[in-house]
*Asks:* 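Sharing a structure below in structure tokens format, with a few things to ask.
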Amino acid sequence: MRNVERETIIVTVRVRIAPSPTGNLHIGTARTAVFNWLFARHHGGQFILRIEDTDVERSRPEYTQNILEGLTWLGMSWDEGPIFQSLRLELYRQAIQTLLDKGFAYRCYTTEAELEEMRAAQVARKEAPRYDNRHRNLTPEKQAAFEAEGLRPVIRFKIEDNREIVWNDLVRGKVSWRASDLGGDMVIARASAETLGQPLYNLAVVVDDIDMRITHVIRGEDHIANTAKQILLYEAFGATVPEFAHTPLILNKAGQKLSKRDGVTSISDFKQMGYTPAGLVNYMTLLGWSSPDPTKEIFTLEEVAKEFGFERVNKAGAKFDWDKLNWVNSQYLHQMPVAELTDELIPYWQQAGYEFDPVNSRSWLEELASLIGPSLTRLQDAVEMSQVFFTETVTLNEEAASQLQQPGASDVLKAILSALESYQSLTSDDAQNIIKQVTKEKNLKKGVVMRSSRAALTGEVHGPDLIQSWLLLRARGLDRLRLQQALEHS
Ligand code: GLU
């Protein structure tokens, strides 16, 4: 086990991914998971999964399920967890009590209406909206009076305006934040029937990161302001502040943060479209990190783990590039062993409603997979590409229809049909011989014969190897049928 030296203490690297189950596993969270995983593996450390489900209204068990499945599918195996924050409320309440006891936090009874009025006045004075810390020093009498009114307090953590919070970010270098820009004393527990309220994100994260002995907090750049607040909490708890690495956001084409409005953003959608986990993870790694060897862009997670470090992570946002993702994914599909590719494709064919027996037709399916494999970008593409091999009739596209109107086309089809009569079974050599024979007999160019037979058999003039396609159709008893149907249209 390799260790990282921090100050004089040697500690084992412990990192975490902490998704909130308020939606399906997002590509941004998944990419953060990948960076955490790589960093942990690079240092022989531990990767922990924590589910941040304290927001009862927005958290859903089906999202937790989606997150766990997505991380597992991507190969982001965790060493500890999943740890659910909702089961640790007691710990957060104890921490709140400690902060209250030590005078770092206080009960605040300011009502929504008062907060609204405060905000409006600040906006009118062209000031940034913030809490004015008015209940910081309530007398016990005043507090009792609010309680008697039935007001439920929030718990606020004191933030001294004159502080500057500075840390050495592993990606961004020195980051400094003025405490006066943090919006005043921060709410760490929302008002609730519980006397210590309902613990909120910044508090729970810090309590957990301390409790789980997290050494490096690696998360999206959108959490920078939270980091400033969280450092103050670490100090109040007298705990060691971990290292921070804020990774660049994933951006859409317009350079804005990739969001649901950009369409596909959740890992389960990418999976459904037929991206392979290895291809997607490889691409996500490249979103923000660059390999020391710029010519090498296809690598396994283990290979990246050997090289991974934050000195090669960009500060600038990373644009999501579908073409690049498609290219990376196609590399994985093209090198996939045919048996594995067939296993991957079977569910897509089944979902498309194609009828076949996955056991008895196994060798036919493998031949089909090896025929279309080199043209696949995503597994989903196989549905359209293989339709002609599963369905009885085929609709001719425009080019194929016009090919079959060409002089000589119907003669070609007739001649092939008649040649086929002397074959019980058909080998690749037989099919090639038939093409040669018809070309010669009809005194046509080979291209015309090939195009016409392809048009009749597959409904298109372009596509994968003609002879292989023909044999696949023949195995389903479809070749003569197609030739006859085409003849009726030519
Ligand atoms: N629950 C937070 C999120 O999903 C985690 C942020 C963090 O890593 O601290 O954004």
Side-chain angles (χ1 to χ4, degrees), residues 13-40 46-61 63-68 70-71 74 76 78 80-89 91-92 95 165 167 169-172 175 177 182 186 188 190 198-234 237 239 241-250 257-260 265-267 284 288 310 313:
V13 163
R14 286 175 60 85
V15 296
R16 83 309 191 268
I17 183 73
S20 306
T22 53
N24 286 337
L25 178 60
H26 185 271
I27 180 101
T29 310
R31 203 274 317 257
T32 304
V34 171
F35 281 9
N36 273 282
W37 189 96
L38 288 168
F39 188 73
Q46 275 123 30
F47 173 57
I48 295 146
L49 171 60
R50 183 169 77 220
I51 302 292
E52 303 209 320
D53 56 350
T54 50
D55 186 340
V56 214
E57 274 116 59
R58 293 173 59 227
S59 298
R60 300 255 180 289
Y63 292 140
T64 299
Q65 194 56 28
N66 181 281
I67 291 166
L68 298 186
L71 290 172
L74 290 170
M76 295 294 102
W78 51 90
E80 287 174 31
I83 296 159
F84 291 88
Q85 284 194 328
S86 56
L87 302 177
R88 297 164 58 85
L89 295 177
L91 191 67
Y92 312 135
I165 303 134
W167 72 94
D169 196 281
L170 297 176
V171 176
R172 315 179 67 81
V175 178
W177 207 276
L182 293 176
M186 91 167 133
I188 52 171
R190 198 186 288 156
Q198 191 191 333
L200 290 178
Y201 164 74
N202 278 309
L203 184 272
V205 165
V206 172
V207 170
D208 279 345
D209 286 342
I210 295 172
D211 186 60
M212 295 170 193
R213 305 185 318 283
I214 299 300
T215 56
H216 297 74
V217 172
I218 304 163
R219 59 184 169 201
E221 183 192 297
D222 46 341
H223 283 289
I224 285 193
N226 285 328
T227 297
K229 294 176 183 170
Q230 290 174 20
I231 288 176
L232 297 176
L233 281 166
Y234 279 97
F237 288 122
V241 180
E243 301 280 345
F244 290 98
H246 289 95
T247 57
L249 297 181
I250 304 179
K257 185 179 167 186
L258 195 73
S259 76
K260 278 199 186 131
T265 49
S266 65
I267 294 302
M284 284 196 276
F310 286 104
V313 171

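Note: hydrogens, waters and symmetry copies are ignored here, and every other heavy atom, side chains too, is used. Each ligand, and each atom within it, is numbered from 1 in the order the structure gives. Residues: numbered from 1 along the sequence shown.
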*Asks:* Hey, would you say the F35 and H216 ring centroids sit under 6.0 Å apart?
*Replies:*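 No, the ring centres sit 6.0 Å or more apart.
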
*Asks:* Which pair of non-hydrogen atoms, one from T215 and one from V13, has the smallest distance, and what is that distance?
*Replies:*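 Looks like OG1-CA, 3.4 Å.
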
*Asks:* Do I67 and P21 make a side-chain contact, defined as non-hydrogen atoms from C-beta onward lying under 4.5 Å apart?
*Replies:*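 In short, these two side chains touch, coming nearer than 4.5 Å.
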
*Asks:* Sort out the contact shell of ligand 1: every protein residue with a heavy-atom distance below 4.0 Å, listed by chain and number.
*Replies:*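 Lining ligand 1: R16, A18, P19, S20, E52, Y201, R219, H223.
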
*Asks:* Can you name the nearest heavy-atom pair linking F310 to L170, along with the distance?
*Replies:*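 Closest pair (atom of F310, atom of L170, distance): CB-O, 3.6 Å.
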
*Asks:* Nearest 0.5 Å, please: how far is CZ in F237 from CG in D209?
*Replies:*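 D209 CG to F237 CZ: 11.5 Å, rounded to 0.5 Å.
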
*Asks:* So, using salt bridge (charged side-chain N to carboxylate O under 4.0 Å, His left out) as the criterion, who are the partners of D208 when residues are at least two apart?
*Replies:*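 R50, R88.
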
